[in-house]
Amino acid sequence: MSCPSDPGAGGRPDTILAVHDEGAGSYYDSLDAAATPAPRERDAAAGPGREVRYRGWKTMPFVIGNETFEKLGSIGTAANLMVYLTSVFHMTNVRAAVALNAFNGTTNLATVFGAFASDLYLGRYATVCLGCVATLIGMVILTLTAGVPALHPPPCAGADGGGQCAGATEGQFAVLALSFFFIVVGAGGIRPCSLPFGADQFDPRTDSGRRGINSFFNWYYFTLTIAVVGSSTGIIYVQSNVSWWIGFAIPAALMLVSCALFFAGAGLYVRVRPEGVPLAGVVRVAVAAARKRRAPAPQDPAASLFRTRHASALVSRLPYTDQFTFLDKAAVVESKSEEVDDASGGARDPWRLCTLQQVEEAKCILRILPVWATCIVYYVAFAQITTYVILQAKQSDRRVGAGGFEVPPASFTIFPMLALAVWIPLYDRLVLPWLRRLTGREEGVTLLQRMGVGMVLSVVAMLIAGLVEQRRRGLAVLRAAQDGKPLSAHLVSPASAFALVPQLAALGLSEAFNQVSQMEFYYKQFPENMRSVAGSLLFSGLALSSYLSGLLVIVVHRATADPDIHGDGGWLAEDLNRGKLDYFYFLIGFIGAVNFFVFLACAKWYRYKGLDDDDEQNEDQWHPTRSV
């Protein structure tokens with residue numbers, strides 16, 4: 001953090017100092033390129049100025065430790081919620097799936113508000129602090145719902161718990177909702193800010209700082225993999241086979257350790273001040289274009305639209321493009337009096353006259369939105385991993401080994417991450433060099449092409465899922481017929497739950513192609529001054545896909561269930577052996593296939609940032625990625 005310093009005897013402008021502390025000693029220089037070198041002996045106590053100390057790797061035990069334990073706690077809490085809601089709170093499968101989709105959607109959507117709160121007022125450090133505390137409170141309350149008998153319904157009647165089940169009271173649901181609320185608030189603070197906050201600790205202007213940032217990103221995703229593996233095995237096993245309250249208490253304790261580690265390093269962190277809302281320029285373009293909607297269209301937009309001297313070394317200058325030409329009027333000069341404010345060097349009224357750069361930045365956002373919308377539909381397939389895939393595993397044979405050890409249903413969610421972890425190094429070392437030789441491009445294939453491959457794989461995964469479900473249900477029906485017992489007597493099918501691995505592996509490969517490329521796509525195609533918003537765009541897409549998945553569950557259940565026939569739950573029956581879950585998967589696959597062709601149209605139309613309107617755009621149907 002910095003604040004204005006004394007101009008000194010020479011009356012020169014305020015200067016922000018940076019103290020680099022990555023080696024045996026510290027050295028000082030100025031963050032102002034125009035500043036004169038600062039004396040080496042200056043420190044924070046030398047005057048009213050406050051220096052920025054880049055501690056680099058000295059802060060990483062606190063930052064990475066915080067993130068590791070936070071992920072262990074949050075993933076360990078969320079991964080098994082489907083089983084918790086159906087077995088402890090006695091919710092129906094459909095109701096639990098809708099509730100969980102709403103919870104996941106709201107959790108991801110909260111990151112957008114967290115990003116704006118961080119940029120507008122709080123700053124990343126304070127946002128992460130509040131997020132950690134809120135998450136800890138939510139986990140403690142959730143643990144209490146499992147540990148305090150009055151906060152959850154009594155067990156189902158019967159020796160095996162297969163009798164009548166009492167539902168939760170309004171008060172019990174209220175406490176559960178309160179825990180979800182705090183977890184959502186915590187995720188909204190942590191997810192959009194933890195990664196950039198860690199990168200803030202390195203000086204991006206030095207070689208060692210840039211290397212540190214790259215290494216930090218690698219460690220960040222490595223800890224994510226470790227957290228998924230640990231949560232999907234050990235913590236879920238405790239929840240499913242030992243005790244729910246102990247299984248939730250462990251993530252809460254890990255979150256407490258995460259908070260302690262983060263606060264322990266408070267004196268070492270670089271805390272970047274909030275810089276305001278980055279989308280303000282886009283809003284100004286929309287307002288200015290609306291105010292000048294009756295202005296004549298410019299004959300030569302590239303030459304006649306309002307420009308100012310491009311002084312930013314951080315934001316690339318964008319050329320004129322002929323898409324969304326209705327926005328061009330925001331940069332049309334109707335009178336000379338509009339043009340330049342001598343004090344600011346820009347338009348006198350920025351809500352009436354915008355620069356060509358601002359107009360092109362707004363066009364960048366509009367061009368991305370159709371691609372982003374197709375990704376919302378794409379993620380509906382992934383929403384099933386934490387809902388109906390777990391229910392499939394629950395009604396399958398999960399025994400392994402001679403001792404008959406049963407794998408917890410939610411532990412099968414580990415396989416997409418394992419497939420992703422195995423594929424990425426193979427792609428980087430083997431597939432990418434081959435693609436470079438084949439295409440002659442450094443990146444092998446374009447970002448949009450990789451995203452398209454991911455969409456195809458998600459459709460394939462849903463087709464596999466439908467076929468696997470047909471076999472699982474068929475074996476359950478066959479076993480009941482052979483034993484001469486009703487189907488309800490054999491809830492668990494003799495089909496192995498490990499038959500679910502191919503569809504989960506296909507989803508993991510799909511994520512490796514689409515989601516990783518999608519993150520890079522937003523990062524490169526958003527204007528540089530809007531990258532905090534770019535980071536939250538992925539989470540907002542995940543949020544809306546969760547809501548869409550919940551809506552799809554409701555529509556399918558109401559359309560296929562017959563309320564006049566007792567026990568007819570339609571495609572999504574409580575007992576999957578009586579339902580048609582395979583039809584539901586085939587429906588998602590069909591929607592995904594239609595969405596893929598819509599994506600192809602968007603990808604063909606898309607124009608990458610920084611390219612002029614020339615024939616080079618059409619060198620292939622999806623256009624090669626170009627970065628400014």
Would you mind reporting whether V377 and I591 have side-chain heavy atoms less than 4.5 Å apart?
-> yes
Pairwise side-chain contact, F382 with S545, heavy-atom cut-off 4.5 Å (strictly under) | no
Is atom CZ of R436 surrounded by more than 12 heavy atoms (other residues, nucleotides or ligands) closer than 6.0 Å?
-> yes
In Å, rounded to the nearest 0.5 Å, how long is the span from CD1 of I390 to CE of M82?
-> 7.5 Å
Answer yes if the ring centres of Y388 and Y585 are under 6.0 angstrom apart, and no otherwise.
-> no
Does S496 offer a backbone N or O that forms a donor-acceptor pair with the side chain of D397 under 3.5 Å?
-> no
Are the side chain of N577 and the backbone N or O of R473 linked by a donor-acceptor pair below 3.5 Å?
-> no
Just by distance, do the side chain of T111 and the backbone of T107 share a donor-acceptor pair under 3.5 Å?
-> no
Any donor-acceptor N/O pair, E360 side chain to T321 backbone, under 3.5 Å = yes
Are W372 and Y522 close enough that their ring centers fall under 6.0 Å?
-> no
Would you find a donor on one side and an acceptor on the other, under 3.5 Å apart, between the side chain of K580 and the backbone of L572?
-> no
Please state whether the rings of Y125 and F197 are parallel, tilted or perpendicular, taking 30° and 60° as the class boundaries.
-> tilted
V98/H557 under side-chain contact (heavy atoms from CB on, under 4.5 Å): CA gap, chis, key distance, verdict | CA-CA 11 Å; V98 172; H557 180 64; over 6 Å; no
Considering only heavy atoms from C-beta outward, does the side chain of F539 approach that of V112 to under 4.5 Å?
-> no
Is F498 atom CZ crowded by more than 12 heavy atoms from other residues, nucleotides or ligands, each under 6.0 Å away?
-> yes
T446 and Q449: CA distance, side-chain angles, deciding distance, side-chain contact (heavy atoms from CB on, under 4.5 Å) verdict = CA-CA 5 Å; T446 72; Q449 286 172 336; 3.2 Å; yes
Heavy-atom side-chain contact between L142 and F180 under 4.5 Å = yes
So S493 and R471, side chain to side chain donor-acceptor pair (under 3.5 Å) or not? Walk me through it.
-> CA-CA 10 Å; S493 169; R471 182 177 182 274; over 6 Å; no
Aromatic ring pairing Y608/Y606, orientation class (parallel under 30°, perpendicular over 60°, tilted between) = perpendicular
Decide if the gap between the ring center of F405 and the ring center of Y237 is smaller than 6.0 angstrom.
-> yes
I368 and L537: CA distance, side-chain angles, deciding distance, side-chain contact (heavy atoms from CB on, under 4.5 Å) verdict | CA-CA 10 Å; I368 289 171; L537 197 66; 4.0 Å; yes
Could you tell me the separation between the OG1 atom of T386 and the CG atom of L100, rounded to the nearest 0.5 Å?
-> 5.0 Å
Nearest 0.5 Å, what's the CG-CD distance between N80 and Q239?
-> 5.0 Å
Could you tell me whether the side chain of S510 and the main chain of G454 form a donor-acceptor pair under 3.5 Å?
-> yes
Got L507 and Q384 here, is their nearest side-chain heavy-atom distance under 4.5 Å?
-> no
Considering non-hydrogen atoms only, spot the tightest contact between L576 and Q395 and give its length.
-> N-OE1, 3.1 Å
Determine whether L254 and M139 make a side-chain contact, defined as any pair of heavy atoms from C-beta on separated by less than 4.5 Å.
-> no
Donor-acceptor pair, T86 side chain versus V83 backbone, under 3.5 Å?
-> yes
Given side chains that start at C-beta, do those of M451 and V371 come closer than 4.5 Å, heavy atoms only?
-> yes
Answer yes or no: is there a side-chain heavy-atom contact under 4.5 Å between M462 and F590?
-> no
For Q392 and R472, test the side chains for any donor-to-acceptor distance below 3.5 angstrom and give the result as yes or no.
-> no
Can any side-chain N or O of S118 pair as donor or acceptor with the backbone N or O of A115 at less than 3.5 Å?
-> no
Any donor and acceptor pair, going by atom type alone, linking the side chain of R191 with main-chain N or O of N108 inside 3.5 Å?
-> no
Gap between atom CD1 of I183 and atom CG of L136 - 0.5 Å precision = 10.5 Å
Kindly indicate, with the supporting measurements, whether the criterion side-chain contact (heavy atoms from CB on, under 4.5 Å) is fulfilled by T135 and F182.
-> CA-CA 6 Å; T135 301; F182 278 104; over 6 Å; no
Test side chain to side chain donor-acceptor pair (under 3.5 Å) on Y379 and Q518 and set out the steps.
-> CA-CA 12 Å; Y379 277 122; Q518 196 180 151; 3.2 Å; yes
Relative to the ring of Y427, is the ring of F513 parallel (under 30°), tilted (30 to 60°) or perpendicular (over 60°)?
-> perpendicular
CZ (F586) with more than 12 external heavy atoms under 6.0 Å = yes
First locate atom CG of L432, then atom CG of L426, and finally report the distance between them rounded to the nearest 0.5 Å.
-> 12.5 Å
Distance (rounded to the nearest 0.5 Å) between S411 OG and E406 CD = 11.5 Å
Got a sec: does the OH of Y583 have more than 12 other heavy atoms crowding it under 6.0 Å?
-> no
Run the side chain to side chain donor-acceptor pair (under 3.5 Å) check on N514 and S458 step by step: do they pass?
-> CA-CA 10 Å; N514 188 285; S458 71; over 6 Å; no
